[in-house]
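Along the sequence shown, residues carry numbers from 1. Hydrogens, waters and symmetry mates are skipped; everything else that's a heavy atom, side chains included, is used.
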Amino acid sequence: MNEYLELRKQCLKQHVAMKAKHPDAILLFRNGDFYEAYHEDARDCSAILGLTLIETTGAGKRTKVALVGFPHHALDSYLPKIVRAGHRVAICEQLQDPKKP
């Protein structure tokens with residue numbers, strides 16, 4: 001498996017674990033210079049924020065994952081819009097380089 005797909009797989013595993021802890025919130029997951037939302041959270045963010053919803057490859061080549069993302073420096077403008085739309089938000093920050101074990 002190439003390095004990108006392995007990193008994506010690890011990211012999605014972490015996302016699923018954090019989403020299980022906060023199922024009633026939109027989870028914004030920091031991935032490098034971007035915040036990303038997946039699955040239903042991505043669909044909600046796309047509708048609320050007017051961002052383009054894309055589908056990316058999940059852990060397997062047959063798995064498609066809904067994704068929306070925005071630059072981390074835009075959080076101050078996007079976060080209030082999500083909250084005003086009636087949603088709770090959980091933010092998962094990246095604490096270490098995902099390339100390091």
Side-chain angles (χ1 to χ4, degrees):
M1 185 180 303
N2 73 32
E3 186 176 342
Y4 171 78
L5 289 178
E6 184 60 35
L7 287 173
R8 177 60 69 189
K9 181 179 174 182
Q10 291 303 318
C11 180
L12 289 172
K13 284 173 70 174
Q14 291 175 1
H15 176 270
V16 168
M18 292 306 296
K19 185 64 179 175
K21 293 180 181 182
H22 305 282
D24 60 335
I26 288 179
L27 178 60
L28 298 178
F29 196 83
R30 180 78 178 259
N31 191 3
D33 290 336
F34 290 85
Y35 283 104
E36 297 179 343
Y38 303 97
H39 306 293
E40 283 305 313
D41 291 347
R43 290 177 182 88
D44 290 340
C45 285
S46 175
I48 295 165
L49 303 174
L51 299 173
T52 301
L53 181 70
I54 63 171
E55 286 192 354
T56 187
T57 303
K61 292 183 180 180
R62 295 185 188 117
T63 306
K64 294 291 185 178
V65 177
L67 164 72
V68 72
F70 57 86
H72 70 92
H73 56 78
L75 182 65
D76 289 342
S77 63
Y78 286 138
L79 183 59
K81 292 177 183 179
I82 299 169
V83 172
R84 279 195 302 268
H87 295 275
R88 293 183 63 237
V89 178
I91 298 173
C92 185
E93 288 289 342
Q94 184 176 352
L95 300 178
Q96 67 185 35
D97 185 338
K99 294 179 184 174
K100 294 183 181 178

*State which residues pass side chain to side chain donor-acceptor pair (under 3.5 Å) with Y38; sequence neighbours excluded, sorted by chain then number.*
R8, E36
*asked:* Nearest 0.5 angstrom please: I26 CD1 to I82 CD1, how far?
replied: 5.5 Å
_salt bridge (Lys or Arg N to Asp or Glu O under 4.0 Å) pairs, two or more places apart, involving residues 73-88_ = D24-R88
*What residues, two or more places apart in sequence or in another chain, satisfy side chain to side chain donor-acceptor pair (under 3.5 Å) together with Q14?*
none
*asked:* Test of understanding: with side chain to side chain contact (heavy atoms under 4.5 Å, CB included), list the residues that count as partners of A47, not counting sequence neighbours.
replied: none
*If every non-hydrogen atom of L51 is compared with every non-hydrogen atom of Y78, which pair is closest and at what distance?*
CD2-OH, 3.5 Å
*Could you tell me which residues satisfy side chain to side chain contact (heavy atoms under 4.5 Å, CB included) with V83, sequence neighbours excluded, listed by chain and number?*
L79, V89
*asked:* Evaluate L27 against C92 for side chain to side chain contact (heavy atoms under 4.5 Å, CB included), listing each step before the verdict.
replied: CA-CA 7 Å; L27 178 60; C92 185; 4.0 Å; yes
*Would V68 end up clustered with F70 when hydrophobic side chains under 4.5 Å apart are linked, directly or stepwise?*
yes
*Apply side chain to side chain contact (heavy atoms under 4.5 Å, CB included) to R30 and list each qualifying residue two or more places apart in sequence or on a separate chain.*
Y35, H72, E93, Q94
*Decide yes or no for L75 and L28: does some side-chain heavy atom of the first lie under 4.5 Å from some side-chain heavy atom of the second?*
yes
*Excluding sequence neighbours, so at least two apart, what forms side chain to side chain contact (heavy atoms under 4.5 Å, CB included) with L53?*
A42, R43, S46, A66
*Which pairs pass salt bridge (Lys or Arg N to Asp or Glu O under 4.0 Å) with one or both residues in residues 13-23, sequence neighbours excluded?*
K19-D41
*Which pair of non-hydrogen atoms, one from I48 and one from A85, has the smallest distance, and what is that distance?*
CD1-CB, 3.8 Å
*Could you tell me which residues satisfy side chain to side chain donor-acceptor pair (under 3.5 Å) with D33, sequence neighbours excluded, listed by chain and number?*
none
